Amino acid sequence: MVNRWVTLTSNLGLETASGASYAFGVYSDQLKNITGFSQDEIQTVASTGNIGLYFALIAGIVFDNVGPVTTLTIGIVLSTAGYLAMWSGAKGYIPGDVAAMSVYAFVWSNGSSWFDTVAIAANIRNFPEDRGRVTGLLKSIYGLCASIITVVYSSFFKSQSADEAIDVLLFLAAMSAAVGLIGIPTTHLAGPQDTVAISPQHLKFIALAMWLLLVLGLYLLIIAILESESVVGERQAWPTGIMVPLLMMQGILLLPARDVARSREDGTIDVTKPLLGDSDAAVDSSTSDGTADDNSPVVSGASLMDMAKDANFWLLSCVTMFGTGAGLTVINNIAQQVKAVRGRDASGDANLYIVLISVANCGGRLFWGFCSDRYTSITRCGWLTIISASTCAAMFIAAFSDIGVLVLACLWMGLSYGGYWAVMPGILAELYGTRWFAVAYSVVSLFPALGSFLLSATLTGTLYDEQTDPGDADCYGEKCFREAYIIIAFLCALGTALGLLLTYRTRPAAAKIDYSDT
């Protein structure tokens, strides 16, 4: 029998590896110096990586048809091979031009999407009554990963030469392989008798895990502040402080697994209704390894063709595209914006600002996921609209930021950006069910990639280069990003209007959802 708490615990590791994609800004300057790329070229590599990260359609199809084992195996191969190839390209062992490095970035980031697809799809099915909390927890560790990588980079790689600092890619390759191998034997889809609402007693463990994540985020933020002020001690000891709350959190989430195991032995485990409470639910006869099982997950939902014909599906996709595209633009360009607003003669790096976005991203996923489960008088689509409006405000702040205001812009954008990933999966499951959830999630995830390419690489990269003085490799001054960010802010306002329309159109479906157990 499947214990869904073991799956949840191991999948936190998958999200940690998957979230490493957000750490590109940590080493992008070193990569730019080694390769001699222009800002537009380095943004092309970053945006191609974003496309790979969100091009999860094949991963969704594989998961929905053969389960998590095969999906994770492919993810391990792609992630490890991509990181090793980018490292080799930067070292000059294999081709390292813009096109080649973009391909390598696509490969490792696409491998990350296979990890993310498994973690979200498996736990959306395993915890149907608590999707907001569980998705928020998983996605928060995903969002916090950039800060974790920043500390590791600062501790072991930053003080080295640019050629040696890029060895952080080897660390990322090893981490991806390790968590993937751990996930293969521990990730399973729970049967109908296991997909009950989380008990009040076990909800306390979820809450405690969230508090530990916030403590970890605060710890990472303090480290970044101390480093930015040149108050440094034994850097090599800092990663140890990361491992303590992570291990504690995983231990806490395994406590419900112990209780479930005992209840099975005592014969007191509850039997629940089908996953979506639908008496006509279709039964997926595949287990996690693709074999038939009488205890297989009970799932229901619209077909892919039904979703493609539904205007609500595309409204959700467009709102997600504008909002996440805006967030990824700030994330991808934060190192260059810090350099621009500091001025030509200023010193310092962008690690503090990367950590600010990452910690706020983590907090946003926890906060919006909790709100969407707790305050059900507002539908999840309504919460998505609020998040879109918040993103619009964050872009306006970023457009007019000096080095001080940029701190507020990073915190606000991280908080807003994290909300999309806490709320959007729950909307998909509520509107369309879970039979083809992984595929539906993968399709919607293409839109952040499109948003990143259009808003970051095309719009922001082009306008940045136009503002750069002839003969300079970098742009200096608040002008560098202002025009692009104002345009993106208006697009986020359009996304907010589309969110209002989506909220209005989905009122009948939202009225049928029973939140009494959440």
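Quick caveat, the model's predicted, so the values are computed rather than measured. Counting from 1, the numbers follow the sequence of the chain as shown. Any value given below was found using the heavy atoms of this structure, including those in side chains, with hydrogens, waters and symmetry copies removed.
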In the structure I gave you, are the side-chain heavy atoms of [X] and [Y] within less than 4.5 Å of one another anywhere?
{"X": "F63", "Y": "T70", "result": "no"}
{"X": "I51", "Y": "N110", "result": "no"}
{"X": "L138", "Y": "L8", "result": "yes"}
{"X": "L459", "Y": "L454", "result": "no"}
{"X": "S456", "Y": "N333", "result": "yes"}
{"X": "V444", "Y": "L428", "result": "yes"}
{"X": "F490", "Y": "M395", "result": "no"}
{"X": "I76", "Y": "V179", "result": "no"}

Using every non-hydrogen atom in the two residues, find where [X] and [Y] come nearest and quote the distance to one decimal.
{"X": "C381", "Y": "T506", "answer": "SG-OG1, 3.5 Å"}
{"X": "S372", "Y": "G369", "answer": "OG-O, 2.9 Å"}
{"X": "P448", "Y": "W421", "answer": "CG-CH2, 3.6 Å"}
{"X": "S416", "Y": "W368", "answer": "CA-NE1, 4.4 Å"}
{"X": "T391", "Y": "Y420", "answer": "OG1-OH, 3.0 Å"}
{"X": "V107", "Y": "L78", "answer": "CG1-O, 3.3 Å"}

Is there a donor-acceptor pair closer than 3.5 Å between any side-chain N or O of [X] and the backbone N or O of [Y]?
{"X": "D97", "Y": "A100", "answer": "yes"}
{"X": "S140", "Y": "C362", "answer": "no"}
{"X": "T71", "Y": "V118", "answer": "no"}
{"X": "S442", "Y": "A56", "answer": "yes"}
{"X": "R4", "Y": "N126", "answer": "yes"}
{"X": "S452", "Y": "A449", "answer": "no"}
{"X": "S388", "Y": "T496", "answer": "yes"}
{"X": "R507", "Y": "Y504", "answer": "yes"}
{"X": "T7", "Y": "T186", "answer": "yes"}

- Task: Could you check whether the rings of F55 and F106 sit parallel, tilted or perpendicular, using 30° and 60° as the cut-offs?
- Result: tilted
Separation of [Y] [atom2] from [X] [atom1] (nearest 0.5 Å):
{"X": "F447", "Y": "S317", "atom1": "CZ", "atom2": "OG", "result": "4.0 Å"}
{"X": "T324", "Y": "M424", "atom1": "OG1", "atom2": "CE", "result": "8.0 Å"}
{"X": "M413", "Y": "L328", "atom1": "CE", "atom2": "CG", "result": "9.5 Å"}
{"X": "M86", "Y": "I94", "atom1": "CE", "atom2": "CD1", "result": "10.0 Å"}
{"X": "L415", "Y": "R365", "atom1": "CG", "atom2": "CZ", "result": "11.5 Å"}
{"X": "I184", "Y": "L72", "atom1": "CD1", "atom2": "CG", "result": "6.0 Å"}

- Stepwise side chain to side chain donor-acceptor pair (under 3.5 Å) test for T80 and S176: CA-CA 6 Å; T80 306; S176 298; 5.8 Å; no
- Query: Is it the case that T460 and T329 place a side-chain donor and acceptor less than 3.5 Å from each other?
  - Reply: no
- Task: Determine which pairs satisfy salt bridge (charged side-chain N to carboxylate O under 4.0 Å, His left out) with at least one residue from residues 106-119, sequence neighbours left out, and list them in order.
- Result: D116-K139
- Item | Residue pair N123, L137: steps toward the side chain to side chain contact (heavy atoms under 4.5 Å, CB included) verdict | CA-CA 11 Å; N123 287 282; L137 182 64; over 6 Å; no
- Task: Would you sort out whether Y432 and D310 count as a side chain to side chain donor-acceptor pair (under 3.5 Å), showing the intermediate values?
- Result: CA-CA 10 Å; Y432 305 110; D310 186 13; 2.6 Å; yes
- Query: How would you list, by chain and number, every residue that makes a ring-ring contact (aromatic ring centres under 6.0 Å, His included) with F370, sequence neighbours excluded?
  - Reply: none
- Query: What pairs with F322 under ring-ring contact (aromatic ring centres under 6.0 Å, His included), at least two apart in sequence or on another chain?
  - Reply: none
- Begin from the C-alpha positions of F171 and W87 and carry the test ring-ring contact (aromatic ring centres under 6.0 Å, His included) through to its verdict. CA-CA 10 Å; F171 167 77; W87 175 82; over 10 Å; no
- Message: Could you check whether Y417 and W412 have their ring centres less than 6.0 Å apart?
- Response: no
- Are there more than 12 heavy atoms of other residues, nucleotides or ligands under 6.0 Å from atom CG of L57? yes
- Task: Return yes when atom CZ of F453 has more than 12 non-hydrogen atoms of other residues, nucleotides or ligands closer than 6.0 Å, and no otherwise.
- Result: no
- Task: Check the pair S112 / S18 against side chain to side chain donor-acceptor pair (under 3.5 Å), numbers first and verdict last.
- Result: CA-CA 4 Å; S112 297; S18 184; 4.7 Å; no
